[in-house]
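Let me begin by presenting the structure, written as structure tokens, before commenting on it.
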Amino acid sequence: MVNGRTVLERFPAGGPRGSWPAEEFAHARRMEGMAAEVVMDLATDTFLVVVRSVDAAR
């Protein structure tokens with residue numbers, strides 16, 4: 001858990017499709033009822049799909 005959020009998945013920012021895989025993964029989680037969002041982790045150059053810890057328990 002990072003800053004009250006749970007990381008569901010990580011995607012490299014340097015990939016040929018940029019953030020699209022992360023956005024697609026987050027969209028699929030939202031369709032399942034999770035409040036997933038994509039954030040950028042500048043320290044590791046990755047896109048993270050995260051949910052707030054309350055939503056992760058659902």
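Values below: every heavy atom of this structure, side chains too, minus hydrogens, waters and symmetry copies. Computed from a prediction, not measured in an experiment: that's the story for all the values here.
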Expected output: side-chain Arg52 to main-chain Arg5 donor-acceptor under 3.5 Å: no

Using side-chain heavy atoms (C-beta onward) and a distance below 4.5 Å, is [X] in contact with [Y]?
X	Y	result
Met40	Asp45	yes
Leu8	Phe25	yes
Glu23	His27	no

Joint hydrophobic cluster, Val50 plus Met31, side-chain heavy atoms closer than 4.5 Å: no

Residues which pass side-chain hydrogen bond (donor to acceptor under 3.5 Å, both in side chains) with Glu9, listed by chain and number, not counting sequence neighbours: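 For Glu9 there are no side-chain hydrogen bond (donor to acceptor under 3.5 Å, both in side chains) partners, ignoring immediate neighbours.
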
Closest non-hydrogen atom pair, Phe47 against Pro12: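 That would be CD1-O, 4.4 Å.
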
Closest heavy-atom pair and its distance - Ala26, Val38: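 Shortest heavy-atom separation between Ala26 and Val38 comes out as CB-CG2, 3.8 Å.
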
Spacing of CG belonging to Asp41 relative to CG belonging to Leu48, to within rounding of 0.5 Å: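 Here the rounded value is 5.0 Å.
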
side-chain contact (heavy atoms from CB on, under 4.5 Å) between Arg29 and Val51, intermediate numbers included: CA-CA 10 Å; Arg29 300 301 72 80; Val51 292; 5.9 Å; no

